[in-house]
Structures are given as structure tokens and as C-alpha cells.
> 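Before I ask anything, let me first share the structure, which is written out below as C-alpha cells.
Quick note on labels: first sequence line is chain A, next is B, and so on, each numbered from 1. Just so it is clear, the model here is predicted, and its values are computed rather than measured.
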2 protein chains.
Amino acid sequence: MAVTTLGYALLSLLAVKSYTGYDLGRLMRSPISVFWEARYSQIYPELSRLESQGLVTYQAVTQHDFPDKKIYTITDDGRALLRIWATEPVDPPVIRDELVIKAYSLWMVDPEPAQELFRYHEQYHLAKLQQYEEVQRDLEASPEALNDPTSPTFAQYIILQRDLGFEREYAVWCHWVVERLEQTMRFSSPPIN
Amino acid sequence: MAVTTLGYALLSLLAVKSYTGYDLGRLMRSPISVFWEARYSQIYPELSRLESQGLVTYQAVTQHDFPDKKIYTITDDGRALLRIWATEPVDPPVIRDELVIKAYSLWMVDPEPAQELFRYHEQYHLAKLQQYEEVQRDLEASPEALNDPTSPTFAQYIILQRDLGFEREYAVWCHWVVERLEQTMRFSSPPIN
DNA sequence: TCACGCATGTAAGAGGTTACATGATTAG
DNA sequence: CTAATCATGTAACCTCTTACATGCGTGA
């Protein structure tokens, strides 16, 4: 009977607009980037669970040139549950970041390949940052919505700031690691070629 | 035959020093905060898997006043594997943060309880930040190690910067959300008491 | 012709959490 | 007297990923 975190994620997207499972999956991997990238194999079963719990309904649409689809809509019960859940306490997120473990082993590896690894991740997060900055520009084009706390755009802007901050901070850290490795290489003995 | 992420996490801790499973579990939930908080029920089986793979060995220690224990030590094979793994490419982490989903639903809830939620998380991350800053002061007390790229302290300092940045950024975001809700409340009609 | 977008799903397995079991010592 | 610390583990369960299955239309 309980709703999973993914279930709430889907509900919160459906609270704004009706979508198919496919749409929801694409949304979760778009640069508009809400939340994280869930697989279709998890989304579809989750949607039918939400449906059996009466939190969403769907309308089957028959198509000729494309596969048939189900457009899901949140119910009043779903909306009510989401509103209650939204302000209830949560535990802070658990971050399982493999790069951090690798960083912890840097003392036992050659600095050059380590730098390469961190340069790659710096670039990755800078690219993500740019994508989010584009979305930011789009949102800031309609400032009325950003000041209306009852507008979904307002909430989207809030989570966008989180994404921006996260990517910026991560890129800065990667850059700092590369610099630190550079610096320490000058102090240690040069490699034997 | 493959080693899991937790397996590498344990190996990277054992590369510095020998520990019991219990020690490793405590380390992972200490403010010295390496990585994330793994459960003992996951650590113990993982250690025996690493042992069966020849990546660690253990020495059984019989105790009178406390339960017997096993002190695990990394093997040469384990060390070699860890060094290779440490600079191999990784995917960026997937962040599944329930608070971000809740934030996405803020447009449909009362601002007051929402502020309370974000104030709580701001305090949480500020407290974490302080803990990390204490560790930072401890590490900076011995600056020679911080400039030696072959010292585990060097690597610990690197991941500490990540933790510091993460907590700082998260706290700033929470604060910003609270302020934004404050601001918008002044624009909307006052609640009917 | 081949891959991509549309669209929904099942099955198997890996990873992680919660609950349970045991038992002595020590601090409040 | 109760809770915490030390210390290792098993069993059941939930969550998430990977692989598989199907099939039409369109653009390169």
C-alpha cells in the first residue's frame, strides 16, 4: 500500500500535467532534468501500482502509425497524498559516489592518469552546468511565474538552482583536484622515462 | 568474480590500515566520514567475498571480555587491483534526493510547513559542515602530509573538500528556498485565520 | 538497410535495508 | 536496571539495473 520514492516522483510530475510512461521516462532523462534517470522497466510497473492504489488513472489511446499508449492522470486522492507527503520530514540523501572512493585511493596511483580522470569529470559537470544555465535563461524569460508560489514553474526554478549548485560545486572540486595534483607533482621526484 | 563498489570502498580503507568489519562500519559512519554509511549486514558478507577472491586476508583474534574478531588486511593482489581500478573511468553519481522531489511539489502546498522542512535541512547540513571543518582543522595541523601525494592524508583531504563543498552548497540552497518562500508569501494573499 | 523514435512490458539478478540472533562488559 | 559498545552473522524483503520481447514508420 505504501508509495515508493519513484512513485512520488512520478506523482509530482503528473500533478503538473498528464503523461504517458514513455513521456515520464524521457522527462527524467531530459536536460530540463527533473530528479534522476529512472528506467522504463521500473517506471511502467510503478505506474500500474499507482493505478491499482487509485492514485492515478489512465486513458488508453489507440494509434495506427505508432504503438498504442496510456495517458496517465493524477487523481484527487493522488494529489491529496502528494500534498501531505511533500512537507513531511525526510532523511538527507545518501550519496554513493564512486569517484570519491577513487579519490581516496589517489595516494597510491600515478598522478597523470588521475588528472585525466578528474579532467574528464570536470568537463562533464561543466557541460551539465551549461545545459542547466540554458534552462535557467528560459525560465527567467517569464519572471511572473517565478514569483508565483502556486506555479509549477516556481518549483521547477527551485530544483534547477539545486542542480546548478551541485554541478558547479562538483566541477570546482574536480578542477581543484587536478590543480592539487599538478602542484604536488612539482614537489615529488620526476618520473624515470 | 567482479568486485562491487562497496568492495572497492572497503579495499580502499584497508589499503591504508588493517581493520575489523566492525571498525570499517564505524569508520563509514564517523564524521571523518569516508563515503557513505553501509550496514554491517552488507559489510560482513562483502568482506568474506573479498577474502574468497584473495583480495584480503584476515587474522582471527580470540578475546575473553569481548566477542572474537577478524582483523582484515589487504593482499598484494587487492592492492594491485585497487590501483588499476582507481584511475579507470566511472559514470558520474546518480543522486536520488527525496527533498528535491518534495521541492518540485512546493507549488501545491502551504509555504509555512515547507519553510519548516527546509529550515530543518539547512540546520542539518550546517551541522555536518561544522563537523567537516573540525576534521579540516585537524588535517591542516600537519601540512607536510597534505603536500605529499603519496600520503593517505593527502587523499583524505581531497575527499574532505568534496564533502565540505557539498554540505555548504546544500545548506545555501535550503536557505535560499526558505528566503524565496518568505518573499513570495508577501506577494500572495495572507491566509485566513 | 540500418538505426532511431515511438510505446509497453516481463524476467532475472545485483545491491541495499530491516529485522533477527547471540552474549559479555561497562557506563549512567 | 537499562542502554550502549563490542563483534559477527543470516534471512527476508525491497529497489534498481540489465537483458529480452515486440513492431511500425521515418530518415540517413
> Determine the interplanar angle of the B:Y8 and B:W85 rings, folded into 0 to 90°, and report it as parallel if under 30°, tilted if 30 to 60°, perpendicular if over 60°.
parallel
> So where does chain B start and stop touching DNA chain D, 5' to 3', when the test is distance under 4.0 Å to a non-hydrogen atom?
D:dT5 to D:dT17
> Pick the nucleotide of DNA chain D nearest each of B:Y40 and A:H64; which residue has the one closer to the 5' end?
B:Y40
> Of B:Y72 and B:Y22, whose closest DNA chain D nucleotide lies nearer the 5' terminus?
B:Y22
> Figure out the CD1/C1' separation between A:I71 and C:dT8, and round it to whole Å.
14 Å
> OP1 or OP2 of C:dA11 sitting under 4.0 Å from any side-chain N/O of A:R39?
no
> May I have the distance from A:Y58 (atom OH) to C:dT8 (atom P), rounded to whole angstrom?
11 Å
> Between C1' on C:dG15 and CD on A:E98, what's the gap in Å once rounded to a whole number?
13 Å
> Fit a plane to each ring of A:Y170 and A:W173, take the angle between them on a 0 to 90° scale, and name the class: parallel (under 30°), tilted (30 to 60°) or perpendicular (over 60°).
perpendicular
> Both A:P45 and A:F66 contact DNA chain C. Which one's nearest nucleotide lies toward the 5' end?
A:F66
> Decide yes or no on ring pair (Phe, Tyr, Trp, His ring centres under 6.0 Å) for B:Y19 and B:Y72, but give the supporting numbers first.
CA-CA 5 Å; B:Y19 290 109; B:Y72 283 89; over 10 Å; no
> Would A:D23 and A:R26 pass as an ion pair if we require N to O under 4.0 Å?
yes
> Among the nucleotides C:dA19, C:dA7, C:dT8, which one has an atom lying closest to any side-chain atom of B:S41?
C:dA19
> Measuring to OP1 and OP2 of C:dG15, would you say a side-chain N or O of B:Q42 lies under 4.0 angstrom away?
no
> Give the rounded distance in Å between these two atoms: CZ of B:R49 and C1' of C:dG13.
12 Å
> Whole-Å distance between C:dG5 P and A:D68 CG?
21 Å
> Treating A:S142 as the side-chain partner and A:A145 as the backbone partner, does any N or O pair qualify as donor plus acceptor under 3.5 Å?
no
> Look at A:K70 together with A:E51 and state whether they make a salt bridge at an N to O cut-off of under 4.0 Å.
no
> State which of C:dG16, C:dG23, C:dC6 makes the closest approach to the side chain of B:P67.
C:dG23
> Rounding to a whole Å, what distance do you find between B:R96:CZ and C:dG16:P?
10 Å
> Please determine whether a side-chain nitrogen of the Lys or Arg among B:R29 and B:E37 lies less than 4.0 Å from a carboxylate oxygen of the Asp or Glu.
yes
> Just to confirm, is there a sub-4.0 Å distance from OP1 or OP2 of C:dT8 to any side-chain nitrogen or oxygen of A:Y44?
yes
> Report the distance from atom CE of B:M28 to atom C1' of C:dG16, rounded to the nearest whole Å.
12 Å
